[in-house]
Every structure is written in C-alpha cells, then in structure tokens.
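Taking it in order: structure first as structure tokens, then the write-up.
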Amino acid sequence: MKVSCSVVVFALVFHFFLVTGSRSPPPSDSVIIIGAGMSGIMAAKTLEEAGYKDYIILEADSRIGGRVHKGQVDGNTVEMGANWLFSGGPKSSPAHEIAKKIKLRTLYSDYGNLSSNIYKQGGGLYEKHVVESAFKVADARQEFGTNLSKILSSKKGGDDDISILGSQRLFKQVPKGPLDLAVDYFYNDFEEAEPTRISSLKNTFPRQLMEDFGEDSYFVADPRGFETVVHYIANQFLSHNNNKITDPRLQLKKTVRKINQSKNKVIITTEDGSVYHANYVIVTVSVGVLQSDLIGFVPRLPHLENELPGENMIFVTVTDEESRRIEQQSEKKTKAEIMQQPFGRIYFAGEHTNSTYLGYVDGAYFSGTFRSPSDSLYPLLGRAT
Ligand SMILES: Cc1cc2nc3c(=O)[nH]c(=O)nc-3n(C[C@H](O)[C@H](O)[C@H](O)COP(=O)(O)OP(=O)(O)OC[C@H]3O[C@@H](n4cnc5c(N)ncnc54)[C@H](O)[C@@H]3O)c2cc1C
C-alpha cells in the first residue's frame with residue numbers, strides 16, 4: 001500500500017551540485033540534510049559520490065528510515081510503514097533490487113483469488129461469478145479513468161484534473177452497494193490511502209510505478225525489516241560499526257524547528273537549541289510536516305503562505321513583466337517552473353517531489369538521486385555526473 005500525498009510537488013534542484021558536481025578538488029559548500037528517510041539518505045549518498053564531504057544529516061527520530069520502519073508485536077517484527085516491493089515490469093525497482101541483494105525475506109501477495117474471498121455484511125461469501133462481474137466493471141472503470149487521465153495530460157497547455165470519483169461519475173458507473181464499494185476500496189483507497197473523492201486522477205493513473213516496476217507485490221516478512229534496505233544504502237558511505245551508524249555527520253534526535261535563510265548562508269535551529277550553519281539545506285521532511293508549520297522558514301516560503309487550506313492548489317501572484325512573460329507561455333510550462341522553483345538556498349527532496357513514483361519508497365529513492373527521468377533537470381544531471 002502506498003500513502004499518496006495530494007500536495008504541492010517541489011522539484012529537487014541541486015543547483016550547486018549541478019554546477020560544481022564534477023569539480024576537483026572537492027567542493028567546499030556545506031550542506032545540511034533534514035531527515036534521514038530514504039530520500040535524505042539517498043541525497044547524502046549523492047553528495048558523497050559527488051565529492052561533498054561537508055554535510056550533516058539532522059534527523060528528528062532516534063533512527064534512520066523515516067516511513068520505512070518496523071515495530072515489534074509479541075516478539076515478531078511488524079512493518080509499521082512501507083510493506084511492499086514491486087516487481088515484474090520492464091524496469092527494476094531500486095528498493096527491490098537492494099532487497100534481493102540482502103536476501104530480504106518477502107512473500108508474494110497473491111490477489112488472484114480475491115473473487116472467492118469477499119464476504120457479505122450479514123455473513124457468508126459472495127458467489128464467485130457475482131464478484132467477478134464486479135471486478136470486470138471495476139477494470140473497465142479504471143481503464144476509462146486511465147484513458148481520461150492521458151487525454152487530460154496531453155491537452156496542450158492545459159492543466160485540468162479531476163478526482164477519481166469524478167472520472168467514475170463520467171463513466172456513469174459509480175460504485176454503489178457493499179460489494180462494489182469493497183472492490184472499489186481494493187482498486188483505489190487501499191493503494192492511494194485516500195478516498196476517491198480526493199485522489200487526483202492525473203497523479204494516480206496510469207500507475208507509473210506498476211507500469212515500470214510491475215504489479216507483482218512482495219510483502220516484506222523479514223525480522224530485519226524493510227528498513228534494512230535504507231541501512232544497506234547508508235552503510236555504503238556513512239561509517240558504521242556492527243550495523244550501527246557511528247558517522248558523526250548523522251545526528252539523531254535533532255528536530256529542526258527553524259530554517260533561517262540569508263543571502264550567503266542558512267542557519268538551522270533545532271528543538272534542543274543547537275544552531276547549525278551551512279551554505280545549503282535539503283529538506284526531505286514529508287508534506288505533512290511541511291504543512292504542520294513545525295518548521296519555521298525565515299523568510300516564509302511564498303508557496304506555503306499561499307497554499308489554499310485543504311485544496312491541492314497554490315495561489316501565486318505575479319506582477320509587471322513577470323506576469324506578461326507568464327501570460328505568453330503555456331500553463332504547462334508555468335506549472336513546471338513553479339514545481340522547480342528553488343527557494344534560495346533551500347532545496348527539497350522526498351517522495352512527494354518525485355512525480356513519477358509519488359508516494360512510494362522508490363520515489364523517495366529517486367528524489368535523492370535527482371536522476372529521475374521525470375525530473376526536467378535530468379539531462380543536466382546526466383551531464384554533470
Ligand atoms: C503506512 C505506510 C505504508 C506504506 N507502504 C508502502 C509500500 O508498501 N511500498 C512503498 O513503496 N511505499 C510505501 N509507503 C510510502 C513510503 O514509506 C514513503 O514514500 C517513503 O518511505 C518516504 O520517504 P521520504 O524520505 O520521502 O520521507 P520520510 O520517510 O518521511 O523521511 C523524512 C524524515 O524526516 C524526519 N523529520 C521530519 N520532521 C523533521 C524535523 N523537523 N527535523 C528533522 N527531521 C525531521 C522524519 O523523522 C523522517 O525520518 C508507505 C507509507 C506508509 C506511511
């Protein structure tokens with residue numbers, strides 16, 4: 001299951017890296033990475049590989065991994081965050097590749113038998129053929145939604161989007177009744193972790209992650225936990241001892257509360273009163289954290305000020321020449337510019353910044369490499385690295 005975010009997508013624009021990535025001797029810019037989830041660890045690895053040694057990672061929790069984490073129930077490991085890896089497509093999922101390398105135990109989730117396993121509210125199973133008919137309708141509904149999404153995306157200059165529920169209404173077959181709703185839950189809410197009335201059609205279909213990496217889902221069932229995948233990456237460049245990261249550049253239990261940006265530097269203050277100075281900061285906290293105002297940005301980020309509460313919208317005012325320039329270009333281009341806008345010395349990474357694999361571990365992975373083909377800076381990155 002993925003948790004998707006109907007959010008403003010920030011592009012990761014490592015301008016400083018792009019410009020100086022292949023320079024020798026090693027770059028002297030200092031960088032602070034906020035968050036040690038998959039994206040933060042990957043961002044650090046990318047910097048390390050580009051010759052940046054002067055970085056630190058500030059993580060609020062007492063562990064790395066973020067939303068990839070395990071818990072214990074009666075002595076058994078239970079995944080509290082990400083559970084599934086994906087396989088069977090034309091491309092390889094980096095998370096799954098690592099899982100195979102470290103021999104993480106996984107179980108194939110076989111959804112093939114669902115039609116024999118749906119229970120009626122009053123007890124007893126639905127007849128198989130009845131459920132199969134409901135699945136056929138759900139398939140057709142999804143195909144309609146996927147085609148509609150493609151049409152909306154291909155509209156020149158257009159930026160129209162609707163909810164998945166909206167597309168179901170257009171299809172004139174909105175799920176009704178317990179069986180249809182159960183099937184629809186499996187098709188949509190379960191995967192998006194959101195009801196269809198608020199899931200964006202365009203950001204959901206086609207499901208790019210499944211198209212690329214495959215629909216075969218493997219449930220992680222290993223006492224070491226899914227988080228071992230993140231540890232495997234971290235151990236490649238952070239010093240460690242007996243599987244414990246000892247590298248002083250990783251600082252745990254450091255909750256960032258303030259990011260103060262001036263012309264030449266960034267000053268970060270954590271909850272315990274520590275103050276850090278750097279040339280750049282990469283913020284990898286989730287959109288939920290960004291929206292909570294836990295972290296105070298000085299000056300405030302313009303897009304956050306103008307985000308309409310509860311809506312998937314950013315309100316931006318442009319004036320004078322900028323407004324004329326924007327008027328003359330397509331909405332698509334304007335949107336792309338907004339998404340890539342760096343905020344001075346503050347850069348963003350995290351699953352929510354990767355529009356291709358938004359909401360998945362692989363999205364977080366790619367956001368930290370900024371090599372995703374969906375990133376419009378991809379050609380530049382290819383040149384710099
Ligand atoms: C219940 C659940 C199930 C999921 N299932 C799947 C799945 O099956 N397959 C899949 O691919 N994906 C799944 N996902 C999504 C996946 O877990 C995430 O997309 C991915 O882990 C996000 O990584 P990230 O680095 O972008 O963010 P995070 O993992 O959230 O990392 C951000 C880090 O920032 C830290 N932080 C936050 N605020 C501060 C602060 N103020 N100061 C310092 N540090 C801070 C956090 O502690 C965290 O460690 C699931 C997610 C959830 C919640």
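As the structure lists them, so they are numbered: ligands from 1, and atoms in each ligand from 1.
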ask   = Applying the side chain to side chain contact (heavy atoms under 4.5 Å, CB included) test to Thr106, which of Phe219, Phe226, Tyr218 qualifies?
value = Tyr218
ask   = Can you check whether Ser39 has an N/O within less than 3.5 Å of an N/O in ligand 1?
value = yes
ask   = Which atoms of ligand 1 have any heavy atom of Met38 under 4.0 Å away?
value = 25 (O)
Tyr111, OH atom: more than 12 neighbouring heavy atoms under 6.0 Å = yes
inquiry  = When you measure from the heavy atoms of Gly81 to every atom of ligand 1, does any distance fall below 4.0 Å?
reply    = yes
inquiry  = Using a plain distance cutoff, I'd like to know if Thr255 has any nitrogen or oxygen under 3.5 Å from a nitrogen or oxygen of ligand 1.
reply    = no
request  = Determine, using heavy atoms of Met42 and all atoms of ligand 1, whether some pair is separated by less than 4.0 Å.
outcome  = no
note = Tested for side chain to side chain contact (heavy atoms under 4.5 Å, CB included) against Val220, the lone hit among Asn83, Leu107, Leu85 is Leu85
ask   = Going by the order shown, which atoms of ligand 1 are within less than 4.0 Å of some heavy atom of Gly359?
value = 12 (N), 14 (N), 15 (C), 19 (O)
message = Taking distance alone, with N or O pairs closer than 3.5 Å, would you say Phe226 contacts ligand 1?
response = no
message = For ligand 1 and Val361, I'd like to know whether there is a polar contact (N/O to N/O, distance under 3.5 Å).
response = yes
query = Which atoms of ligand 1 sit under 4.0 Å from any heavy atom of Ile295?
reply = 41 (N)
ask   = Is atom NZ of Lys120 surrounded by more than 12 heavy atoms (other residues, nucleotides or ligands) closer than 6.0 Å?
value = yes
ask   = Where the closest heavy atom to atom 50 (C) of ligand 1 is concerned, which of Ser286, Ala82, Ser62 has it?
value = Ala82
inquiry  = If you measure every N or O of Asp61 against every N or O of ligand 1, does any of those distances drop under 3.5 Å?
reply    = no
query = Centre of Phe171's six-membered ring, under 6.0 Å away, within 45 degrees of the axis: is that where NZ or CZ of Arg141 sits?
reply = no
query = Should you measure from each heavy atom of Leu58, which atoms of ligand 1 turn up under 4.0 Å away?
reply = 43 (C), 44 (N)
query = Has Arg249 got its NZ or CZ under 6.0 Å from the middle of the six-membered ring of Tyr55, at an angle within 45 degrees of the ring axis?
reply = yes
request  = Could you tell me whether Glu143 atom CD has more than 12 heavy atoms of other residues or ligands within 6.0 Å of it?
outcome  = no
query = Hey, what's the ring geometry for Phe186 with Phe135, parallel, tilted or perpendicular (30° and 60° as the breaks)?
reply = perpendicular
message = Is it the case that ligand 1 has an N or O less than 3.5 angstrom from some N or O of Arg67?
response = yes
request  = For Glu132, look at atom CD and say whether over 12 heavy atoms of other residues, nucleotides or ligands are found less than 6.0 Å away.
outcome  = yes
request  = Identify, by atom number and element, the atoms of ligand 1 in contact range of Lys254, meaning under 4.0 Å from any of its heavy atoms.
outcome  = 42 (N), 43 (C)
ask   = Going by distance only, is there an N or O of Val256 that falls short of 3.5 Å from an N or O of ligand 1?
value = yes
note = A student checking ligand 1 against Gly350 at a 4.0 Å heavy-atom cut-off should list atoms 26 (O)
query = Side chains of Ser87 and Asp216: is there a donor and an acceptor less than 3.5 Å apart?
reply = no
task = Provide the number and element of each atom of ligand 1 under 4.0 Å from a heavy atom of Gly66.
result = 29 (O), 48 (C), 49 (O)
ask   = Considering only heavy atoms of Gly37, which atoms of ligand 1 have at least one such atom less than 4.0 Å away?
value = 25 (O), 29 (O), 31 (O), 33 (C), 49 (O)
key: CA sep, side-chain torsions, deciding dist, call: Tyr365, Tyr357, ring pair (Phe, Tyr, Trp, His ring centres under 6.0 Å)   = CA-CA 9 Å; Tyr365 177 99; Tyr357 308 126; over 10 Å; no
